[in-house]
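Below you'll find the structure, written out as structure tokens, and then a few comments.
Residue numbers begin at 1 in each chain, while the letters A, B, ... track the order of the sequences. Just so it is clear, the model here is predicted, and its values are computed rather than measured.
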Amino acid sequence: MKTGHVRIADLPGGIDLQATLESGQSYLWGRDDDALYEADAPAGSDAWYHVVVDDEAVRVRQRDGRLEWEATTDAEPILTDLLRLDDDLDAIAATAPDDDLVRAAYEEFRGLRLVRDPFFPTLVAFICSAQMRVGRIAAMQAALRREFGDPVELDDRTYYGFPHPEALAAASEADLRDLGLGYRAPYVRDTAAMVADGDLTEGDVSALDYEAARDALTEFVGVGDKVADCVCLFALGHLEAVPLDTWIQSAIEDHYPDCARGNYADTSRAIRSRLGDDYAGYHQTYLFHYLRTGAAES
DNA sequence: ATCCAGGATGTAT
DNA sequence: ATACATCATGGA
């Protein structure tokens with residue numbers, strides 16, 4: 001086992017690990033205390049989080065001004081990639097619109113970083129997200145890893161990587177329904193088959209600009225504009241993407257009514273412009289977390 | 001019991 | 001292009 005740490009003072013704008021990993025943007029991670037998104041979860045500010053990428057296991061916690069990590073390999077490049085440690089959070093925050101809602105969200109969760117998650121796990125997670133709460137989405141992804149993923153040992157614990165497309169393509173619809181996926185089960189299976197068969201892959205969409213990528217992604221089964229936007233933002237690095245979910249839709253009604261245009265594409269462009277064309281998706285993630293956690297009421 | 005959750009799909013217009 | 005019903009499942 002290798003260990004190390006990243007000094008948070010060296011990260012431009014710092015980091016809030018819990019806000020980053022428990023804001024409903026990434027479903028790649030677990031918590032060692034198994035309390036991810038649980039209502040009775042312990043304070044959690046220094047909880048261990050774990051992830052498996054490319055058969056390497058990493059666990060990390062935020063403590064004493066550091067990101068402390070233990071891993072099967074040097075975790076620093078992995079953390080830098082997944083947690084976007086190279087983003088200048090101060091510079092990004094400076095592009096946020098100066099209104100009460102965005103300002104409050106940044107004051108509450110300063111240090112929240114966008115993630116840079118792998119393509120296929122993000123695609124599946126957000127297919128599963130339809131009409132689901134974040135806690136159950138996370139539980140569904142953990143179940144998929146446990147049932148169909150490859151185990152990796154780290155110290156005395158076993159973690160599981162997200163299943164390869166072939167593994168989910170080979171799963172039966174009944175197997176997936178047993179994990180609580182409901183009507184999303186055939187969506188996940190059919191989309192996994194499309195990726196496994198090479199019908200439409202990350203390579204095909206990564207070369208496209210943002211809106212073209214979003215349109216292409218809707219070719220997957222179970223992927224509409226909103227889920228495609230989540231893949232664009234959290235996996236493909238299109239930081240201007242603003243997924244229009246129920247929370248953002250209501251935020252538009254309450255705070256940006258002039259951005260409501262009656263259809264997804266035009267409303268998306270309007271709110272993107274309002275939030276700033278370069279980092280609209282970054283600011284959106286702060287708003288989503290702020291609104292969803294009810295921090296606005298306290 | 002009824003409503004809701006990071007919506008998408010099939011069908012009718 | 002837009003409007004509508006339908007789709008599982010668990011928690012409040």
May I ask you to list the residues sharing a hydrophobic cluster with A:Tyr159, side-chain cutoff 4.5 Å, ordered by chain and number? A:Met1, A:Val52, A:Val152, A:Leu154
Within residues 112-132 of chain A, find the residues that approach DNA chain B with a heavy atom at under 4.0 Å, and present them sorted by residue number. A:Phe126, A:Ser129, A:Ala130, A:Gln131, A:Met132
Any salt bridge between A:Arg59 and A:Asp155, counting N to O under 4.0 Å? yes
Polar contact flag, side-chain donor to acceptor under 3.5 angstrom, A:Glu70-A:Thr3: no
Residues forming a side chain to side chain contact (heavy atoms under 4.5 Å, CB included) with A:Asp87, sequence neighbours excluded: A:Arg84, A:Ile92, A:Arg113, A:Tyr282
For the CG atom of A:Leu168 and the CD atom of A:Glu147, what is their distance to the nearest 0.5 Å? 11.5 Å
Closest-nucleotide ordering on DNA chain B, the 5'-leading residue of A:Glu219 and A:Asp245: A:Asp245
Could you check whether A:Tyr106 and A:Tyr286 have their ring centres less than 6.0 Å apart? yes
A:Arg61 with A:Glu68: basic N within carboxylate O range, under 4.0 Å: yes
I need the residues from residues 246-269 of chain A with at least one non-hydrogen atom less than 4.0 Å from DNA chain B; give them sorted by number, or say none. A:Thr246, A:Trp247, A:Ile248
Say we look at C:dG11 and B:dA8: how far apart would their C1' atoms be, to the nearest angstrom? 23 Å
Any residue of residues 170-201 of chain A with a heavy atom less than 4.0 Å from an atom of DNA chain C: A:Arg177, A:Gly182, A:Tyr183, A:Arg184
Salt bridge check, A:Arg110 against A:Asp16: does any charged N sit closer than 4.0 Å to a carboxylate O? no
In whole Å, what is the span from the CE atom of A:Met140 to the C1' atom of C:dG10? 12 Å
To the nearest 0.5 Å, how far apart are CZ in A:Arg136 and OH in A:Tyr37? 15.0 Å
Between A:Glu22 and A:Tyr49: side-chain donor-acceptor atoms closer than 3.5 Å: yes
Using salt bridge (charged side-chain N to carboxylate O under 4.0 Å, His left out), reason through A:Arg116 and A:Asp81 one step at a time and then give a plain yes or no. CA-CA 6 Å; A:Arg116 186 188 284 115; A:Asp81 190 43; 3.3 Å; yes
Searching all strands shown, indicate the nucleotide that pairs with B:dA12 (Watson-Crick or G-U wobble; both distances under 3.5 Å). C:dT2
Considering only the P atoms, how many Å lie between C:dA5 and B:dC3, rounded to the nearest integer? 14 Å
Is there a side-chain contact between A:Pro121 and A:Gln141 in this structure, where contact means two heavy atoms from C-beta onward sitting under 4.5 Å apart? no
Using the P atom as the reference point in each nucleotide, state the distance between C:dA8 and B:dT11 in Å, no decimals. 15 Å
Nucleotide range of DNA chain B lying under 4.0 Å from chain A heavy atoms: B:dC4 to B:dT9
So A:Gly222, base contact, sugar-phosphate only, or nothing? Heavy-atom distance under 4.0 Å. sugar-phosphate
When the ring centroid of A:Tyr27 is compared with that of A:Phe126, is the distance short of 6.0 Å? yes
How do A:Val223 and A:Cys230 order along DNA chain B: which one's closest nucleotide is nearer the 5' end? A:Cys230
What interatomic distance, in whole Å, is found between P of C:dT6 and the corresponding atom of B:dG6? 24 Å
May I ask you to check whether A:Asp117 and A:Ser26 show a side-chain donor-acceptor distance below 3.5 Å? yes
